[in-house]
Amino acid sequence: MAVTMFELQDVAKRYDSHIAVADVSLTIDKGEFVALMGPSGCGKTTTLRMIAGLDRPSAGDIRMWGRSLIDDPPWARDTPLVWQSYALFPFLSVRRNVEFGLKQRGAPAAVRRAKADDWMGRMGITELADRSPAQLSGGQRQRVALARALATEPEVLLLDEPLSALDPHLKVKMQAELVRLHRELGITFICVTHSHSEAFAMADRVVIMNEGRVQQVGTPRDIYRRAGNQFVAEFIGGNNILPGAVRSVEGVHVVIETGVGLIAAEPQGSIPVSVGQSTTLVVAVDRIAITRSQPPEPANIVAARVATLEFIGSTVMVFLDAANGFVLQAQTSLRDLEAAPLAVGDAVLAHWSPRDGYFLDP
């Protein structure tokens, strides 16, 4: 059963007239991996800093195990933070960096060394023990920062953009490393990132923020399949957003008039629709198929021409010029594209089932 570890209650942070965080309320359970995600300036890092005790909220409360942390200084919270820059001490060796938190807590030298050696071994950096941070690669410095934070055996680990300084191939490797650590240790991870690919790959739940406010909280799959509002749908990407007006409601089908023609949808959930109402339909890129002939089953069909092919490893994003200057996006596999090649300028039919779209709550 889930046990609440952190509670943020109407937390706000203001700098003079600027509101960095506005009325954020959130619970985080013991052992969760939670990602705070959003564009630059959305308030995610400020929220993390308030949890760490580096910034004091202007209003609201932050509680850990039911006890307010507001008056606790950072060093009394047991909430170590792995910085974006890693913040290693340049004048200390790797071993001394890993031992630092233990030394601050008064641990005996033998205990510090044993724990430092243990964590350097876990992180695969034992052979780097006597090097200085300046002699390390970005990935090695990150492992040292993680070992230093975890050597004190905290209940929670805070991470501020931990992968932003790494090369793309190393980011994927370290994502898997963080997920492995989280599962093995069973402690709570709270991570800030602006990258939805990082958040979706690692987190149990994602908190999407914009302009200091929480826009949506949910599992990566739930957020990807059903964005809570237009900002979320645009920010996470991978969606076609079709504004329009309801033309008719026919049984389970709602027909809306959009810039690419009449589109049928099967509304799900409790969002009301009525004839004449303005609405916005969202269709994920992986729900749209591309053919040159009539699809075999009833579907929404949009005539278009191939504008661009964007290769992303084993997947391909196909950009389609449709009516009225509207651009549809469809995602296909490289294997399928090799079986049925497409070229820029080809006339095609984009199609999807009415079940595969959903309406945004106005």
Side-chain angles (χ1 to χ4, degrees), residues 31-38 40 44-45 47-49 51-52 54 74 77-104 112-113 115-204 206 220:
E32 267 198 300
F33 194 137
V34 172
L36 306 179
M37 182 174 70
S40 297
K44 58 188 184 295
T45 296
T47 300
L48 192 75
R49 288 176 60 87
I51 294 173
L54 300 172
R77 296 191 180 201
D78 194 26
T79 54
L81 173 60
V82 176
W83 299 87
Q84 180 177 352
S85 62
Y86 311 134
L88 300 178
F89 299 108
F91 50 85
L92 297 180
S93 68
V94 166
R95 175 178 280 110
R96 298 302 182 204
N97 264 283
V98 176
E99 289 182 357
F100 184 81
L102 296 165
K103 185 176 181 180
Q104 294 299 102
R112 297 200 306 265
R113 186 177 183 91
K115 287 194 174 184
D117 287 348
D118 175 43
W119 275 102
M120 286 190 296
R122 291 196 199 192
M123 299 304 298
I125 54 173
T126 299
E127 72 279 5
L128 307 176
D130 296 323
R131 293 190 190 178
S132 71
Q135 296 173 304
L136 306 180
S137 68
Q140 289 169 337
R141 286 196 293 271
Q142 186 190 55
R143 289 171 184 269
V144 175
L146 286 168
R148 181 178 63 183
L150 293 170
T152 59
E153 300 177 356
E155 293 183 290
V156 60
L157 181 65
L158 309 181
L159 302 117
D160 182 17
E161 299 275 10
L163 307 180
S164 63
L166 302 181
D167 293 334
H169 73 283
L170 193 54
K171 281 186 180 184
V172 175
K173 183 176 180 180
M174 290 309 300
Q175 282 177 9
E177 188 74 14
L178 287 173
V179 171
R180 180 189 66 81
L181 274 173
H182 176 251
R183 289 176 179 169
E184 286 183 0
L185 299 174
I187 66 175
T188 305
F189 278 28
I190 306 175
C191 177
V192 158
T193 178
H194 65 273
S195 167
H196 75 270
S197 61
E198 291 177 14
F200 285 11
M202 298 188 296
D204 300 317
V206 177

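With sequence neighbours left out, His196 forms a ring pair (Phe, Tyr, Trp, His ring centres under 6.0 Å) with Phe200. Residues meeting the salt bridge (charged side-chain N to carboxylate O under 4.0 Å, His left out) test with Arg143, sequence neighbours left out: Glu177. Under the side chain to side chain donor-acceptor pair (under 3.5 Å) criterion, Arg96 pairs with Glu99, not counting sequence neighbours. In terms of the side chain to side chain contact (heavy atoms under 4.5 Å, CB included) criterion, residue partners of Ser197 (sequence neighbours excluded) are, by chain and number, Ser195.
Using the six-membered ring where Trp is involved, His182 and Phe33 have ring planes that are perpendicular, over 60° apart on the 30 and 60° scheme.
Shown here for Ile125 and Ala147, the closest heavy-atom pair between the two residues is CD1-CB, 4.4 Å. Of all the heavy atoms in Asp204 and Pro220, the pair that sits closest is O-CD, 3.5 Å. Looking at every heavy atom in both residues, Thr188 comes nearest to Gly31 through OG1-N, 2.9 Å.
Atom-to-atom distance recorded for Leu181:CG and Met202:CE is 11.5 Å, nearest 0.5 angstrom. To the nearest 0.5 angstrom, Lys44 atom NZ is 9.0 Å from Leu36 atom CG.
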Stepwise side-chain contact (heavy atoms from CB on, under 4.5 Å) test for Leu81 and Ile51 = CA-CA 10 Å; Leu81 173 60; Ile51 294 173; over 6 Å; no
Go through the steps to decide whether Arg49 and Thr45 satisfy the test side-chain contact (heavy atoms from CB on, under 4.5 Å), and finish with yes or no.
-> CA-CA 6 Å; Arg49 288 176 60 87; Thr45 296; 4.1 Å; yes
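Other residues, nucleotides and ligands place no more than 12 heavy atoms under 6.0 Å from the CZ atom of Arg183.
Considering only heavy atoms from C-beta on, Leu163 comes within 4.5 Å of Gln142 through its side chain. Side-chain contact between Leu178 and Leu146 is present, with at least one heavy-atom pair separated by less than 4.5 Å. No side-chain heavy atom of Val144 sits under 4.5 Å from any side-chain heavy atom of Pro133. Put simply, the side chain of Gln135 does not reach to within 4.5 Å of the side chain of Gln140, judged on heavy atoms.
Applying the salt bridge (charged side-chain N to carboxylate O under 4.0 Å, His left out) rule to pairs touching residues 122-138 yields Arg95-Asp130, Asp118-Arg122, sequence neighbours excluded.
At distances below 3.5 Å, not a single donor-acceptor pair connects side-chain atoms of Ser93 with backbone N or O atoms of Ser132.
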What donor-acceptor contacts under 3.5 angstrom involve side-chain atoms of residues 149-160, with partners at least two apart or in another chain?
residue	atom	partner	partner atom	Å
Thr152	OG1	Ala149	O	3.2
Glu155	OE1	Trp65	NE1	3.2
Glu155	OE2	Trp65	NE1	3.4

